[in-house]
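Everything on this sheet refers to the single structure shown next.
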Amino acid sequence: MHTALSQELKWRGFSYQTTFDDISEVDKKKFTFYWGVDPSSDSMTIGNLATAMMVRYFIAHGHHAVLLVGGATGLIGDPDGKSKERELLNPEQLKKNSEAITRQYKRIFKGLEFEIVDNQQWFKDIKYIDFLRDIGKNVPMRQMLGREFVQSRLGEDSNGISYGEFSYSLIQGYDFLHLFRTKGVTLQVCGSDQWGNSIAGVEMIRRIEGKEAHIWSAPLVVNKSTGAKFGKTEEGAVWLDGAKTSPYDFYQFWLNVEDENVEDYLKIYTLLSKEEIEAVIGEFQKEPGQRKAQKTLAREVTRLVHGEEETESVERITACLFGSSDYSGLTAKDIATMKQMLPSHEAKAGESLIQALVSTGLVSSGSEARRMFAQNAITLNGKPADENYTLKESDALAAGHTIVRKGKNKYAIVEIK
RNA sequence: GCAGGGUUAGUGAAGCGGGCAAACACGUCAGACUGUAAAUCUGAUGGCUUAUGCCUUCGUAGGUUCGAAUCCUACACCCUGCACCA
């Protein structure tokens, strides 16, 4: 690591808005910093992963990381950027989510040094009146009211906002203050969407402790062509948990990244050096059709999140499915692996293909299945299939399984009994 | 509490007694072209073994009507204003 952290972060596109006048502050001094994830779901998404990658660079450059699970803040729910009041999560679910997020922290930052805290630890004993006296009295209303999302939620034709959600930034701000007091945390890193909440903490530390604290925020990762951000509330969230987004789908997601975005993502989501990335991009630009950049991206990210073994397995399967439409070469073992990755279903011989498709979840209803047939979108073992087809034992490849495909790259496995 | 306005499919938003499974846009899915890209073009987009048919949907529950997303009543939630409170 001879490149300075500030330069590294800047080059990778992790530098967005910060309270530092000069970003090289992070090169001069070792900070104890924190990063938090809300357990509003039982898994992080690739949106969180981007910030996680940034955190890795901070750790690698000798800063001490405190990773926070928002067990308490999750009980309220972050209203920022939401146009409607959120549904509350029940405490049991939240507890499960918190545990899941903790596991993912350990996985993503494996081999690195860090500590994990849950803000439930300190919020569970706080009394409301004490909080209002000690914290609330020090927070000016003007700033809270001025926030953009508050304004939009209070404006005409809006859905309003509850006091609970409105106060959210106080709770999150208090995390920063608490960590400052107990662990000497003076820096928070976050996605840019968290800026407003983070600044609340900086303010508190300044007003209550009279000390300086900082924020480093990363831009939200967006798709340049559509402008849509990655994240869990968007359609088609990509989860880090293999049970929610299979390693196969995960790999495919990265493989299908548009040309326009691939370089940005390589910088953000892989640990490859500047030289390595430039080499890959150089090759890619010479022969875009080979998609060297996408392949590298998919391999690196999948390896980081799901491990080496899974990655190799997924790559083998991808080669099979997309290399040729002849599946007869697949072995029973390959199929067993695919069954882990793809949606699957057990069917009896004589069951209609339409029924089987619905059961695999490849289509959501019989009507949709018929639509797909009308559009020639369904193949069985690589051959176009007919709408009225019923499954036969002779359709099975190795180990009694058959492969159905919808469109160009959605597959499912049907076991014929 | 009072008075107005609102609640329509994944989202936004039309419709305001029959032709409404509900315009349009976005999104999503598929097809063509490709590189398992992007852009573009085409088609589909509540469910039902595909149907000039049936069923379920326009906040919830009732009602009026031959017929209701459309009218009436009650309820719930949201918005705006006023009042109350401070």
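We name chains A, B, ... by the order of the sequence lines, and we start the count at 1 in each one.
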Consider only side-chain N and O atoms of [X] and [Y], and report whether a donor and an acceptor are under 3.5 Å apart.
X        : Y        : result
A:Asp175 : A:Trp122 : yes
A:Gln252 : A:Asp249 : no
A:Ser41  : A:Asn97  : no

Distance between the [atom1] atoms of [N] and [M], in whole angstroms?
N     : M     : atom1 : answer
B:G5  : B:C85 : P     : 28 Å
B:U64 : B:A76 : C1'   : 23 Å
B:C75 : B:C2  : P     : 10 Å
B:G10 : B:A22 : P     : 16 Å
B:C72 : B:U65 : P     : 15 Å
B:C24 : B:G46 : P     : 12 Å
B:G12 : B:G17 : P     : 25 Å
B:A23 : B:G15 : P     : 13 Å

- request: Under 4.0 Å from any atom of RNA chain B, heavy atoms only: list the residues of residues 302-315 of chain A that qualify, in numerical order.
  value: none
- prompt: Near RNA chain B, under 4.0 Å by heavy atom, which residues of residues 289-298 of chain A?
  reply: A:Gly289, A:Arg291, A:Gln294
query: Under the side chain to side chain contact (heavy atoms under 4.5 Å, CB included) criterion, do A:Leu67 and A:Val55 qualify, and how do the steps go?
result: CA-CA 9 Å; A:Leu67 305 178; A:Val55 169; 4.2 Å; yes
To the nearest Å, how far apart are [X] [atom1] and [N] [atom2]?
X        : N     : atom1 : atom2 : result
A:Asn376 : B:C29 : CG    : P     : 19 Å
A:Asn261 : B:G35 : CG    : P     : 20 Å
A:Gln285 : B:G35 : CD    : C1'   : 16 Å
A:Lys286 : B:G35 : NZ    : P     : 20 Å
A:Phe322 : B:G35 : CZ    : P     : 15 Å
A:Asn256 : B:U34 : CG    : P     : 18 Å
A:Leu255 : B:A37 : CG    : C1'   : 10 Å
A:Ile378 : B:A30 : CD1   : C1'   : 9 Å

What is the pairing partner of [N], taking Watson-Crick or G-U wobble pairs with both distances under 3.5 Å in any strand?
N     : result
B:G62 : B:C72
B:U49 : none
B:C16 : none
B:G10 : B:C26
B:A21 : none
B:U40 : B:A32
B:G1  : B:C82

field: Given A:Thr270, A:Leu272, A:Ile277, the one that forms side-chain contact (heavy atoms from CB on, under 4.5 Å) with A:Thr296
entry: A:Leu272
- line: Given the options A:Leu179, A:Val37, A:Asp118, A:Leu68 meets side-chain contact (heavy atoms from CB on, under 4.5 Å) only with A:Leu179
Quick test of your reading of the model: are [X] and [Y] salt-bridged, counting only N-O distances below 4.0 Å?
X        : Y        : answer
A:Arg303 : A:Glu300 : yes
A:Lys274 : A:Glu8   : no
A:Arg299 : A:Glu315 : yes
A:Arg206 : A:Glu212 : no

- prompt: Between A:Lys96 and A:Glu99, is a salt bridge (Lys or Arg N to Asp or Glu O under 4.0 Å) present by the stated rule, with each step listed?
  reply: CA-CA 5 Å; A:Lys96 272 188 208 147; A:Glu99 287 162 5; over 6 Å; no
query: Toward the 5' end of RNA chain B, which comes first, A:Tyr251 or A:Gly407, by nearest nucleotide?
result: A:Gly407
statement: RNA chain B nearest-nucleotide lookup for A:Pro288 and A:Lys406: closer to the 5′ end is A:Lys406
statement: Side-chain contact check for A:Glu258: nearest option of B:A38, B:G35, B:A30 is B:A38
message: Determine whether A:Asn197 and A:Gln194 satisfy the following criterion, side chain to side chain donor-acceptor pair (under 3.5 Å), listing intermediate values before the conclusion.
response: CA-CA 5 Å; A:Asn197 292 328; A:Gln194 288 299 311; 3.1 Å; yes
field: Centroid separation A:Phe176 to A:Tyr34 less than 6.0 Å
entry: yes
field: CA sep, side-chain torsions, deciding dist, call: A:Glu415, A:Lys339, salt bridge (Lys or Arg N to Asp or Glu O under 4.0 Å)
entry: CA-CA 9 Å; A:Glu415 180 173 10; A:Lys339 212 173 169 183; 2.7 Å; yes
- line: Reading nucleotides 45-53 of chain B from 5' to 3' and marking B where a protein heavy atom lies under 4.0 Å of the base, S where only the sugar-phosphate is that close, and - otherwise, the string is S-SBSB---
